[in-house]
Participant: 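Encoded as structure tokens, here's the structure I'll be asking about.
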Amino acid sequence: MAKDLLLEDLNEPQREAIMHTGSPLLVLAGAGSGKTRVITRKFAYLVKKKKLSPMSIFTVTFTNRAAEEMKHRICGLLSMDVKQTWIGTFHSQCNKILRREIKHLGYKSDFTIYDDEDQCSLIRHILKELNIYEALYKGIASRISILKSSLITPENFLYQGDGFGFDEKLGRVYMRYQDELKRSDALDFDDLILLTARLFEEHPKICAKYQRSFDYILVDEFQDTNLSQYRLLQLMAAGQNNICVVGDDDQSIYKFRGAEVNNIRNFEKDFPGLKIIKLEQNYRSTQNILDVSGRVIASNPNRKEKRLWTDKGCGDKVCYSMLGNEEEEAKFVAKTIKDLYLKGLHEYSDVAVLYRINLQSRAIEDGLRAEGIPYHVLSGVSFYHRKEIKDVIAYIKLVANTDDNVSFRRIINSPPRGIGISTLAKIEQEAKKNSSSLYNTVRQIVKSNNSVLSSIKERLASFVNIIDLLRQGSYKNAAELMKAVLNKTNYLDHLEEERAQNVVDLISSVENVSVHNFLDRTALVAVAETDNPVSAVSLMTLHSAKGLEFPAVFLVGLEEGILPYFKALEESSDMEEERRLFYVGMTRAKERLFLSSVMRRRFYSKVQDQEPSRFIKDIPRDCCQWIEKIQPVHHCVDKSKIPADQKISLFDIGCRVKHPFWGIGVVRECSGIGENAKVTVNFPGIGVKRLVPSIANLERVNI
DNA sequence: AAAACTCCTCTTTTT
DNA sequence: GAGGAGTTTT
């Protein structure tokens, strides 16, 4: 009976996808078509029916969130402990392999992992040294990252490049960058994938070992894979070809960081005997939402066509509104959300407001705040990226690996100990001369009798002393090491209270984590947003909305220049991605979808006239409620115009009241005062009632 | 080492 | 128009 449960509540293509084995499989899973369900059930099916060991199924996802969900669901299906399984992100899986095998590539197995910020600071350092305009570091970092994820080595790049101008400089920086990483025994995120692929390529025996130990490979969000990830999958799957990838080319929105949609097309060529299954039944949205989004995405060329359908019915029409400017748009969004809430149609947590760029959240936040609507913004600086947290982590990293020059530079004068740029420059110079790490160089300087001022020598000695002492200790967990760091450095003394509290929080969160696990985790796992308050509207970019769903979705700023973003206007492949972004946004909605654009918007410092997004033209009008307001409409009640007797009435129009019998309703009208006061209340599902508050036991419900 | 000043940039982002 | 970073000033 358990085996039947595995295949229950599935439609035909889903069942087929789960049961297909024996040749490579590509599952084209439309938005909301139950792809996670397919992957998790397939995992369980392989274990229960095909008798594969859970440890022999290599399952890769793109984000930690997805990996955790898979583990959780598979754990439930198989009622087993998933700790030992190979379910994880590309990066964490590769990390796991490399910690065991990287010695074959000439790295130490306790290599350090550099995150973006470390990567950037290393690149800046190199630019400074090579006398290249430093402000370019961000662009250069992303170019290098894309080169790496496309399997182009510095040598290759220098060889194939034109050898002039910017490319030549980029090539030199890239070369130096890889060199410095190696010297620091550090890998960046791209290296984790790249070096695993190289390991398998250069060491066929090791490759064969892993091929043998994995009976099946499952890949989630396949449209987001880059070339190096694709290569890795090819290497791992070679021979057995027991691989199943799940993805949706229409939801590929990460080209800018190297994702290669063509992997879906090439898959057919590279994996002969490929079986393709389309999942087209949508379990998320109403037909109107599917019709609108489906028509918009249909205009993209070269897509694997899917026709999403649902048995949910039409639902509400999609609403498109044109507002005067971004304040009005925000006000419209806030009023509409309030209305949905007051009518009891949605909780605040049902609602998401999505936008193209983070900048847009400002106006929306102001609008929601004015209306007293609780919200949270998903974005930006995660806990681990705060300066004080990264400083403490840098100490731990340096203690774990004294070759880590990036961490050294970060903390050599933090907290301030009078070691300035000129001293650091001397150290850098000396280190280069001896091709030694910065830390070891300092250690030499302290010991030797060279021409360094004794006062400076003292300061350096105290730093060396701290690190060496920390290295000698043994620590049960990361928290102990951190406490020792704070103890020896007095780091907290220089911090404002809030920042100090952050550090204290960090320490208490790692009391049961070993130092090694902690370092892996901080690098590879962005911590989940801590505050997810009671019931609040979610604000986020279209990119971060991918993979989520909400009963009601607002998509704002649908204008030329915003969506599509003005930088994507030239390249047709960029424009296609903007369209997919719009598509991803719309398909997050389950029941209600509100689109809006404005006629004038202030963008950076200037105010611009805006055109509605070209994507709006593709929307079928019959699924849509079209509101083009030329005149700004004042929804809000101007308090000064309300007659005096209404002003003092018990209830404001729109406020929520609770009736002992009919439940919660929305106040439509108020009249009279005191004993004569009357209110008209709409109770959803019951109807409009006229009540006398002094008799009816009405209770005001605060929002 | 903090404060004041100028300059620059200004998608999207997970690992 | 604002926030970040680097530089100069105190």
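Chain naming here is simple, since letters A, B, ... match the order of the sequence lines and numbering starts at 1 in each.
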Participant: Tell me whether the NZ or CZ atom of R257(A) lies within the 45° cone about the ring axis of Y254(A) and under 6.0 Å from its centre.
Facilitator: yes
Participant: Any idea if dT7(C) is syn or anti, going by the 90°-from-0 cut?
Facilitator: anti
Participant: Cation-pi check, R410(A) to Y395(A): give yes when NZ or CZ is under 6.0 Å from the six-membered ring centre and within 45° of the ring axis, no otherwise.
Facilitator: no
Participant: Are a donor atom and an acceptor atom from the side chains of H72(A) and E68(A) found within less than 3.5 Å of each other?
Facilitator: no
Participant: Which helical stems does DNA chain B take part in, if a stem means at least 3 consecutive Watson-Crick or G-U pairs with both distances below 3.5 Å?
Facilitator: B:1-10 with C:1-10
Participant: Take the protein atom CD of Q608(A) and the nucleotide atom P of dG1(C), then report the distance between them rounded to whole Å.
Facilitator: 13 Å
Participant: Please report, rounded to the nearest Å, how far the P atom of dA5(C) is from the NE2 atom of H125(A).
Facilitator: 18 Å
Participant: Would the number of heavy atoms belonging to other residues, nucleotides or ligands and lying under 6.0 Å from CD of E611(A) be above 12?
Facilitator: no
Participant: Counting heavy atoms not belonging to Q501(A), are there more than 12 under 6.0 Å from its CD?
Facilitator: yes
Participant: Encode nucleotides 5-15 of chain B as B, S and - characters from 5' to 3', where the letter depends on protein heavy atoms closer than 4.0 Å: B to the base, S only to sugar-phosphate, - to neither.
Facilitator: ---SSBBBBBB
Participant: Does a salt bridge link R369(A) with D366(A), judged by any charged N lying under 4.0 Å from a carboxylate O?
Facilitator: yes
Participant: With P as the reference atom in both, quote the distance from dT12(B) to dG3(C) in angstrom, rounded to an integer.
Facilitator: 15 Å
Participant: Closer than 4.0 angstrom, basic N to acidic O: yes or no for R362(A) and E326(A)?
Facilitator: no
Participant: Could you give the distance separating dG4(C) and dT11(B) at their P atoms, to the nearest angstrom?
Facilitator: 15 Å
Participant: Mind checking whether Q360(A) and L563(A) have side chains closer than 4.5 Å, heavy atoms only?
Facilitator: no
